[in-house]
Amino acid sequence: MNKEQSGDSPAALSLLRTHGLDEPEPIDDSPEITQDTWMVSYLDLVTLLLSLFIVMGTLNAPKAGVQVQETSDGMKAENQKTPVTMDATIKRQGQRQGLEEELNRIIGSNSLGGVMDVKVSPGQIRLQMHASMLFGAGEATLNESAGTPLKDLAKLLQGYPGRVEVAGHSDNIPISGGRYRSNWELSSARAASVVESLIEVGISPDRLHATGYADTRPITSNATPEGRAKNRRVEFIVEMGSELLHQR
């Protein structure tokens, strides 16, 4: 075949270009970038942030629930505290009043009536007897008439277990002469004499102890003879159980 018969002749190529049959141009496969492409990236960022906030809120939710529950329980306990305390106080006051009435009834039924005062205080019973019922002036030896009231007192003490302090008290008049040099010695000796008598009538020595206070704990003014007579006394302080220990 000669050049004139070949399809690649200059004449043939010229004819193809004339009729628009040129060789195809190379195709660009790269993605088309438009003005709205940035919106896709922005929406992705917003979605990620929203997901992060949701996760953080989920993690914090149980802690908040616990705190609310604890606060609610604390408020409930605080609201219940006042009525419980009031009920307990009323109950204890009733116990004290009932015990005091019982003691007065027992004392009034024997030789102690009219000579012994009763006071129920937190955790203890206080029984007071005028010193003149037991001793002569300036003396620490028991009178013969002291045996009966002390025996009745011993029966009363046996019904209320607990340690018993026997406390001697005096007025503020200084002692001049006699067996005892001071009110301290006199009040202590009187308390010891009463303790020995209670042991003789059946009170266990382990429950008893004697104390002398002289004129340091007056119950009234020493300015009058009547006041000094009241301050010359012997007290019997009985320790009680836990039902009275926390009263105020």
Side-chain angles (χ1 to χ4, degrees), residues 96-97 99-173 175 178-180 182-222 224-240 244:
R96 292 174 59 183
Q97 183 177 358
L99 179 58
E100 194 166 319
E101 291 176 355
E102 178 187 3
L103 289 169
N104 283 318
R105 177 181 57 80
I106 296 173
I107 289 173
S109 65
N110 53 42
S111 64
L112 301 175
V115 299
M116 178 164 282
D117 297 326
V118 178
K119 182 179 180 181
V120 178
S121 59
Q124 58 185 214
I125 298 173
R126 285 180 173 268
L127 306 170
Q128 296 180 11
M129 185 180 296
H130 296 297
S132 60
M133 298 298 301
L134 303 173
F135 307 100
E139 296 293 332
T141 302
L142 290 168
N143 296 330
E144 293 183 359
S145 60
T148 300
L150 288 179
K151 287 180 181 179
D152 290 336
L153 176 63
K155 295 178 182 178
L156 178 63
L157 296 177
Q158 287 173 348
Y160 298 93
R163 289 177 57 83
V164 180
E165 177 186 1
V166 180
H169 300 269
S170 70
D171 57 26
N172 66 343
I173 303 300
I175 292 179
R179 180 178 178 182
Y180 303 99
S182 66
N183 284 320
W184 285 104
E185 287 189 3
L186 177 61
S187 61
S188 299
R190 285 180 170 179
S193 295
V194 173
V195 165
E196 291 174 356
S197 178
L198 291 176
I199 293 174
E200 291 176 359
V201 294
I203 302 298
S204 172
D206 295 338
R207 295 183 57 193
L208 300 169
H209 63 281
T211 309
Y213 290 101
D215 61 335
T216 59
R217 298 187 180 185
I219 58 176
T220 188
S221 173
N222 282 303
T224 63
E226 293 79 13
R228 290 193 293 270
K230 290 182 179 180
N231 289 331
R232 294 191 297 267
R233 68 196 189 279
V234 177
E235 284 187 328
F236 305 88
I237 306 166
V238 185
E239 297 179 1
M240 295 298 293
L244 294 176

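Closest approach of I175 and Y180 over heavy atoms only: CG2-O, 3.1 Å. Pairing each heavy atom of L156 with each of Y160, the nearest pair is O-CD1, 3.2 Å. Between A191 and A167, the shortest heavy-atom contact is CB-C, 4.4 Å. Closest non-hydrogen pair, S132 versus N143, comes out as O-ND2, 4.0 Å. Closest heavy-atom contact between M129 and M133: CG-CB, 4.2 Å.
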Review point. Between V234 and L134, is a side-chain contact (heavy atoms from CB on, under 4.5 Å) present by the stated rule, with each step listed?
Key: CA-CA 9 Å; V234 177; L134 303 173; 4.1 Å; yes
Practice item. Would you sort out whether V166 and L198 count as a side-chain contact (heavy atoms from CB on, under 4.5 Å), showing the intermediate values? Key: CA-CA 10 Å; V166 180; L198 291 176; 4.2 Å; yes
Check your understanding: Could you go step by step and tell me if Q124 and R126 meet the side chain to side chain donor-acceptor pair (under 3.5 Å) rule?
Key -> CA-CA 7 Å; Q124 58 185 214; R126 285 180 173 268; 3.0 Å; yes
Exercise for review: Could you walk me through whether L142 and F135 pass side-chain contact (heavy atoms from CB on, under 4.5 Å), step by step?
Suggested key: CA-CA 5 Å; L142 290 168; F135 307 100; 3.5 Å; yes
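Checking side-chain atoms of N183 against main-chain N and O of N172 turns up no donor-acceptor pair under 3.5 Å. Listed for the D171 side chain is a donor-acceptor partner under 3.5 Å among the backbone atoms of I173.
To the nearest 0.5 angstrom, E235 atom CD is 10.0 Å from D117 atom CG. Taken to the nearest 0.5 Å, the CG atom of N231 stands 4.5 Å off from the CG atom of N222. Taken from CD in E185 to OG in S170, the straight-line distance is 12.0 Å, to the nearest 0.5 Å. Atom CG of D152 is separated from atom CG of L157 by 11.0 Å, given to the nearest 0.5 angstrom. The CD1 atom of I125 lies 12.0 Å from the CD1 atom of I237; values are rounded to the nearest 0.5 Å.
For E139, the side chain to side chain contact (heavy atoms under 4.5 Å, CB included) criterion is met by no residue, not counting sequence neighbours. D215 pairs by the salt bridge (charged side-chain N to carboxylate O under 4.0 Å, His left out) definition with nothing, not counting sequence neighbours.
Put simply, the side chain of M116 reaches to within 4.5 Å of the side chain of F236, judged on heavy atoms. Within the 4.5 Å cutoff, the side chain of L150 has no heavy atoms near those of the V201 side chain. Counting heavy atoms from C-beta on, the side chains of I203 and V164 never come closer than 4.5 Å.
Within the structure, every pair that satisfies the side-chain hydrogen bond (donor to acceptor under 3.5 Å, both in side chains) test and touches residues 188-211, not counting sequence neighbours, is listed here: R163-H209, E165-T211.
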